[in-house]
Amino acid sequence: MSILRTLKDRFRPVLAELVGEADVEKVLDLIRPAQDARFGDYQANMAMPLGKQLGRPPREVAAHIAQRLQLDDLCEAPTIAGPGFINLRLRGAVLAERLQAAAGDARLAVPPAPQPRTYVVDYSAPNVAKPMHVGHIRSTVIGDALCRVLRHLGHRVESDNHLGDWGTQFGMILYGYKHFLDAAAYAENPVAELSRLYRHVRGLMEEREEVGKFVLEETAKLHAGDPENRRLWREFMPVCLAEIDRMYDRLGVRFDHTLGESFYQDRLAGLVDELVRRGLARRSDGAVAVFLEGHKTPMLVQKQDGAFLYATTDLATIRYRMDTFHPDAILYVVDHRQSLHFDQLFAVARKLGYRDVELTHVRFGTVLGEDGRPFRTREGDIVGLESLLDEAVRRAGEVVAANDEAKPGGPELSADRRRGVAETVGIGALKYADLAQNRTSDYVFSFDKMLAMNGNTGAYMQYAYARVRSIFRKGNVDRAALAPSGAAIRLETPEERALGLQLLRLGEALDLVLADYRPNQLTAYLFELAGRFTAFYEKHPVLKAQPDALRQSRLLLCDLTARTIRQGLALLGIDVVEQM
RNA sequence: GUCCCCGUAGCUCAAUUGGAUAGAGCGUCGGCCUCCGGAGCCGAAGGUUACAGGUUCGAAUCCUGUCGGGGAUACCA
C-alpha cells in the first residue's frame with residue numbers, strides 16, 4: 001500500500017461523514033504530495049471547497065477534519081495553514097519501516113492497481129512499403145513505455161502493431177515494380193530497391209497526374225484479388241517485415257500482435273453493409289458516409305469507386321478487438337494530426353454500440369528540427385530511423401570514450417565494452433528525450449541536448465545509476481546480502497529523509513503516468529530522485545560512515561536508489577550499464 | 001471559412017489536471033576540490049505565464065474576446 005493510498009484510507013471515513021459515500025473519492029483526490037517541502041510531505045486541500053459547500057469557514061472545516069483523523073501512528077500532528085490547507089508530515093519511523101520493506105521487495109513496494117483492466121495499445125504502425133523514419137519514433141517509444149507501465153501495475157495488455165500493409169503505398173511500389181525495377185538491385189537488397197521505387201513513384205505522381213490514377217488502379221487490383229498483385233504483395237511483405245523487425249530488435253520493442261490493415265480487408269464490405277442497414281451510414285455523392293452531429297464533414301467509409309478507407313479498417317479493427325480481447329480500454333498512440341479522424345471514429349464506434357469501452361487517442365506532437373520546422377536532412381529528406389539510431393550511438397560513443405578517458409584511475413572499458421555501452425546510451429538517450437517531454441507538445445530534436453550529461457536526459461540517469469553502482473564496487477560491498485541482513489534504515493538528516501521519501505514514491509509516479517498516459521511523469525520523478533540522491537551523496541560519506549550501522553543504512557539507501565532508477569528506466573524501455 | 005491544439009525566464013522545456021512564493025537544464029555572473037566517479041555542488045541575476053476582460057477563498061490551468069504560431073478540414077493513411 002502506497003503512502004498516498006494509506007492516507008486516503010484514513011481520510012475516507014471522516015470525509016464520508018461530511019459529504020457522503022458517493023462523493024468521497026473525488027474529495028480524496030485533493031490529498032496530494034506537498035508542493036513545497038516546507039509544508040510537509042503531503043497536503044490535503046479539500047477544506048476550501050468543502051467550506052463553500054457546507055457554508056462554514058474553511059479553516060474550521062480543516063480543523064474539524066484534522067481533529068477526527070486517526071493518523072497518530074503515521075504522521076506528526078497535522079497543521080492547518082493559509083485558507084485551510086491541512087499539512088501532513090510523516091513520522092521518520094514510518095518512512096524507515098516502509099523503506100525496509102521496499103528493500104526486501106523485488107517490486108520496490110509498488111502496489112498493483114486495485115482494479116486491473118484490459119488494455120489494447122495500438123502504436124508504432126509504420127507503413128510497410130516505406131522505410132521507417134523519425135516520425136515513427138514517438139509512437140513506438142511512447143506506446144512501448146505505456147505498455148510496460150500498465151503491465152507492471154498488473155493490467156492485462158494486448159499490444160498491437162497496426163501495420164499499414166494494404167494502402168495506396170502498395171499500389172505505388174506495385175506500379176514502380178512493374179515499370180522501373182532494377183532487377184539486380186532488387187536481388188541484392190529488396191527493401192532498398194522497393195523504397196527507391198516508392199520514392200521514384202511518389203516523385204512521378206507530383207509531376208504527372210495520370211500516374212496517380214495508375215497507382216490507384218494497382219491498389220484496386222490488389223484489393224480485388226488480382227493474382228499477380230497478390231503474388232507480389234506476398235513476395236514483398238516478408239522482406240519488409242524483416243527490415244522493420246530489425247529496428248524493433250534494436251529498440252527492444254515487442255508486440256503481442258501484428259495485425260495490419262490487410263488482416264481486416266475481408267471484413268470491410270460487411271461492415272459497410274451493416275452501417276447502411278442500421279441507418280448509420282448513407283450514400284452521399286456516390287460515396288458511403290456516416291454523418292455525425294457536431295462535425296461539418298462526414299466520415300467516409302467507402303469511396304465512389306467502391307474502395308474502402310482507413311476509417312473503414314479502423315472500425316473493423318475496433319470490432320475485432322472488442323470481440324477478441326474484450327478490452328476496457330483501447331489506446332491509440334498516434335500523431336496529433338489525426339485528431340479529427342479519431343473523434344469521428346470513436347463517435348461512430350459509439351453508434352455501433354461500443355459504449356462501455358474507453359477509447360483514447362494518445363496524441364503527440366511533431367518532431368521538429370532545431371530550426372523549428374519538421375525534422376529533415378539537409379537535403380530535405382525525411383530522416384530514416386536507422387541513420388538516426390546510428391548517429392545517436394556514434395555520438396554516444398564519443399561521450400562514453402571521453403568519460404572513460406577522464407576517469408581518475410584511468411580508462412576502465414575495453415573497446416568492445418565501449419561499443420556496447422554506446423549502444424545502450426545512444427538508444428536510451430533517444431528514447432528518454434522523447435519520453436521526458438509532455439507528449440502533446442511538438443518536440444525539437446537535438447542530439448547535443450539528448451546526450452548531455454547534465455539535466456533531465458537518459459545519459460544523466462544512466463550515469464547516476466553507474467555512479468551509485470560504483471560505490472558498491474569500490475567498497476567491495478555485496479548488495480545482495482544487504483537487504484536480508486536486516487540492517488535498519490536511519491533517516492537522521494534532511495537529505496536522508498528527502499531521499500527516503502522520494503524512494504517511496506515510485507508508485508505514485510506510475511499512477512500519474514497512467515492518469516493521462518504521460519510517461520514524462522516518470523522521467524520527472526527519476527530526475528527528482530537523482531537530484532535528491534546527489535544532495536545526499538554530496539553531504540554524507542557512505543563507505544566511510546561510522547558507526548557501521550549508519551554505513552549499512554546509507555548503503556541500503558544507495559542500493560534502493562540504484563534499483564529504483566533501474567526499474568524506472570526499465571519501465572521506459574531503457575537499459576542501464578554498470579560502468580560508463 | 002469552420003473546427004482542434006498551442007503561446008510560460010535569453011534558449012529548450014516542467015508545473016501531480018483549480019492550490020500556498022510558477023520550477024529545471026542550457027546560457028550569464030559569483031563561490032567551493034589533500035575526501036566514495038567534478039560531466040559535481042552552493043549561490044545570484046533572469047517572469048505582467050501573448051494581451052484584455054470574466055468566474056472564486058484561490059487561475060499558467062476554467063469561460064469570452066483579440067493577436068500570433070501550428071494542424072485538420074469528402075473519397076491518402
Side-chain angles (χ1 to χ4, degrees), chain A residues 29-30 32-36 38-39 43 45 48-49 51-52 57-58 81-85 87 125 127 164 166-169 171 212 216 219 261 284-289 294-305 307-311 313-314 335-341 343 363 365-366 368 370 372 399 402-403 406-409 412 436-438 440-444 446 448-449 452-457 459-460 463 466-468 470-475 508-509 511-512 515-516 518 520-521 523-525 527-528 531 534-535 537-545 558 579-580:
Chain A
D29 279 340
L30 292 171
R32 310 265 168 84
Q35 296 277 325
D36 188 315
R38 285 195 312 268
F39 303 136
Q43 59 183 62
N45 302 340
M48 286 80 81
K52 184 92 180 169
F85 296 102
N87 289 330
N127 276 318
W166 201 245
T168 310
Q169 75 278 12
L216 286 181
T219 312
E261 294 167 339
S284 171
D285 291 346
V288 181
H295 289 279
K296 198 175 160 195
T297 53
M299 187 175 86
L300 298 189
V301 292
Q302 190 169 17
K303 306 199 298 185
Q304 281 180 355
D305 65 6
F308 303 106
L309 295 112
Y310 78 138
T313 311
D314 279 358
D335 202 302
H336 74 279
R337 285 174 294 195
Q338 295 195 35
S339 295
L340 175 60
H341 166 68
D343 284 350
R363 71 189 71 184
T366 310
L368 304 176
E370 291 185 73
V399 171
N403 187 52
K407 281 175 185 162
E412 297 170 349
Q437 189 124 199
N438 185 329
T440 55
S441 15
D442 287 345
Y443 149 44
V444 176
S446 160
D448 287 336
K449 285 206 173 95
M453 296 292 288
N454 294 338
N456 192 9
T457 69
Y460 175 81
Y463 182 63
R467 270 176 61 191
V468 182
S470 82
I471 297 168
F472 287 81
R473 234 184 351 266
K474 180 145 295 189
E508 286 174 23
D511 286 343
L512 283 175
D516 204 19
R518 282 176 16 191
N520 71 311
Q521 296 286 359
T523 61
Y525 166 83
F527 186 57
E528 175 73 22
T534 310
Y537 185 64
E538 191 75 19
K539 207 153 179 182
H540 305 308
V542 175
L543 292 172
K544 295 173 190 161
C558 289
Q579 289 171 278
M580 64 184 275

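Residue numbers begin at 1 in each chain, while the letters A, B, ... track the order of the sequences.
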TODO: Would you mind classifying the nucleic acid contact of A:L300 as base, sugar-phosphate or nothing, using non-hydrogen atoms under 4.0 angstrom?
DONE: base
Open item on the list: Please pick, from B:rA24, B:rC76, B:rU73, the nucleotide with the shortest atom-to-atom distance to any side-chain atom of A:T297.
Closed with: B:rU73
Open item on the list: Using a heavy-atom cut-off of 4.0 Å across all strands, would you classify A:A406 as base, sugar-phosphate, or nothing?
Closed with: nothing
- [ ] Look at the rings of A:F527 and A:Y460 and say which category their plane angle falls in: under 30° parallel, 30 to 60° tilted, over 60° perpendicular.
- [x] perpendicular
- [ ] Give the nucleotide from the list B:rU73, B:rG37, B:rA77 with an atom nearest to the side chain of A:E261.
- [x] B:rA77
- [ ] Would you classify A:V399 as touching base, sugar-phosphate or nothing, given that sugar-phosphate means primed atoms plus P, OP1 and OP2, and contacts are heavy atoms under 4.0 Å?
- [x] base
TODO: State which of B:rC36, B:rG38, B:rC76 makes the closest approach to the side chain of A:R467.
DONE: B:rG38
Task: First encountered from the 5' end of RNA chain B, between A:L368 and A:S339 - done: A:S339
Task: Nearest listed nucleotide, side chain of A:A402, among B:rA39, B:rA20, B:rC76 - done: B:rA39
TODO: With the side chain of A:D442 defined as its heavy atoms from C-beta on, choose the nearest nucleotide among B:rG70, B:rU12, B:rG1.
DONE: B:rG70
- [ ] Go ahead and name the base partner of B:rC35; Watson-Crick or wobble counts if both distances stay under 3.5 Å, otherwise write none.
- [x] none
- [ ] For A:N438, answer base if it contacts any base atom (sugar-phosphate contacts may also be present), sugar-phosphate if it contacts only those atoms, and nothing otherwise; contact means non-hydrogen atoms under 4.0 Å.
- [x] sugar-phosphate
Task: Length of the NE2-C1' vector between A:H341 and B:rA74, whole Å - done: 14 Å
Open item on the list: If only side-chain N and O atoms count, and only distance matters, is there a donor-acceptor pair under 3.5 Å linking A:N438 with A:T440?
Closed with: yes
- [ ] Give a yes/no on whether any side-chain N or O of A:K449 is located under 4.0 angstrom from OP1 or OP2 of B:rC26.
- [x] no
- [ ] Specify the residue among A:L216 and A:Y443 whose closest nucleotide of RNA chain B lies further upstream toward the 5′ end.
- [x] A:Y443
TODO: Considering just the side-chain nitrogens and oxygens of A:T523, establish if one lies under 4.0 Å of OP1 or OP2 belonging to B:rC13.
DONE: no
TODO: Determine which nucleotide pairs with B:rU73, using a 3.5 Å limit on both distances of a Watson-Crick or G-U wobble pair.
DONE: B:rG1
- [ ] Indicate, with a heavy-atom threshold strictly under 4.0 Å, whether A:N456 touches base, sugar-phosphate, or nothing.
- [x] nothing
Task: Closest nucleotide among B:rG25, B:rC36, B:rA15 to the A:R518 side chain - done: B:rA15
Task: Touch class at under 4.0 angstrom, heavy-atom based, for A:D516 against every strand present - done: base
Task: Under 3.5 Å donor-acceptor, A:Q169 side chain and A:G164 backbone - done: yes
Open item on the list: Students often get this wrong, so: under 4.0 angstrom with heavy atoms, is A:Q43 touching a base, only sugar-phosphate, or nothing?
Closed with: base
Task: Check: A:R518 main-chain N/O paired with A:D516 side-chain donor or acceptor under 3.5 Å - done: no
TODO: Could you please name the option among B:rU16, B:rG37, B:rA72 that lies closest to any side-chain atom of A:R473?
DONE: B:rG37
Open item on the list: At 4.0 Å (heavy atoms only), tell me whether A:Q35 reaches a base, stays on the sugar-phosphate, or touches nothing.
Closed with: base
Open item on the list: Once hydrogens and angles are ignored, does a donor-acceptor distance under 3.5 Å link the base of B:rG18 to the side chain of A:N45?
Closed with: no
Open item on the list: Would A:Y310 count as stacking on B:rC76 if stacking means ring centres less than 5.5 angstrom apart and planes tilted under 30 degrees?
Closed with: no
TODO: Select base, sugar-phosphate, or nothing to describe what A:V444 touches, counting heavy atoms under 4.0 Å on all strands.
DONE: sugar-phosphate
Task: Nearest-neighbour nucleotide for the A:P83 side chain, B:rG71, B:rC57, B:rA20 considered - done: B:rC57
TODO: Quick one: look up who B:rG46 pairs with, Watson-Crick or G-U, both distances under 3.5 Å, and put none if it's unpaired.
DONE: none
- [ ] Can you check whether any acceptor in the base of B:rA77 is under 3.5 Å from a donor in the side chain of A:T313, or vice versa?
- [x] no
Open item on the list: Heavy atoms only, 4.0 Å cut-off, all strands: where does A:N87 land among base, sugar-phosphate and nothing?
Closed with: base
Open item on the list: Does the structure show A:F85 stacking with B:rA20, if we require the centres to be closer than 5.5 Å and the planes to be within less than 30 degrees of parallel?
Closed with: yes
Task: Sugar-phosphate only, base, or nothing, as touched by A:K539 at under 4.0 Å among non-hydrogen atoms - done: nothing
TODO: Measure from the side chain of A:K544, starting at C-beta and using heavy atoms only, and say which of B:rA14, B:rC4, B:rC35 lies closest.
DONE: B:rC35
- [ ] For nucleotides B:rU61 and B:rU16, find the distance between their P atoms and express it as a whole number of Å.
- [x] 13 Å
Open item on the list: For a quick check of understanding: with a heavy-atom distance under 4.0 Å over all strands, which category does A:T440 fall into, base, sugar-phosphate or nothing?
Closed with: nothing
Open item on the list: Less than 4.5 Å apart, side chain to side chain, heavy atoms only: is that true for A:H341 and A:D314?
Closed with: yes
TODO: Go through B:rC76, B:rA74, B:rA72 for me and flag the one nearest to the A:R337 side chain.
DONE: B:rA72
Task: Sugar-phosphate only, base, or nothing, as touched by A:A287 at under 4.0 Å among non-hydrogen atoms - done: base
Open item on the list: Go through it in stages, so that I can follow the logic: the residues are A:Q35 and A:F85, the test is side-chain contact (heavy atoms from CB on, under 4.5 Å), and I'd like the CA-CA distance, side-chain angles, deciding distance and then a yes or no.
Closed with: CA-CA 11 Å; A:Q35 296 277 325; A:F85 296 102; over 6 Å; no
- [ ] Could you say whether the aromatic ring of A:Y460 and the base of B:rA39 stack, counting only centre distances under 5.5 Å and plane angles under 30°?
- [x] no
Open item on the list: Is the phosphate of B:rG37 approached by A:K474 (side-chain N or O, under 4.0 Å from OP1 or OP2)?
Closed with: yes
Open item on the list: Using a heavy-atom cut-off of 4.0 Å across all strands, would you classify A:T366 as base, sugar-phosphate, or nothing?
Closed with: nothing
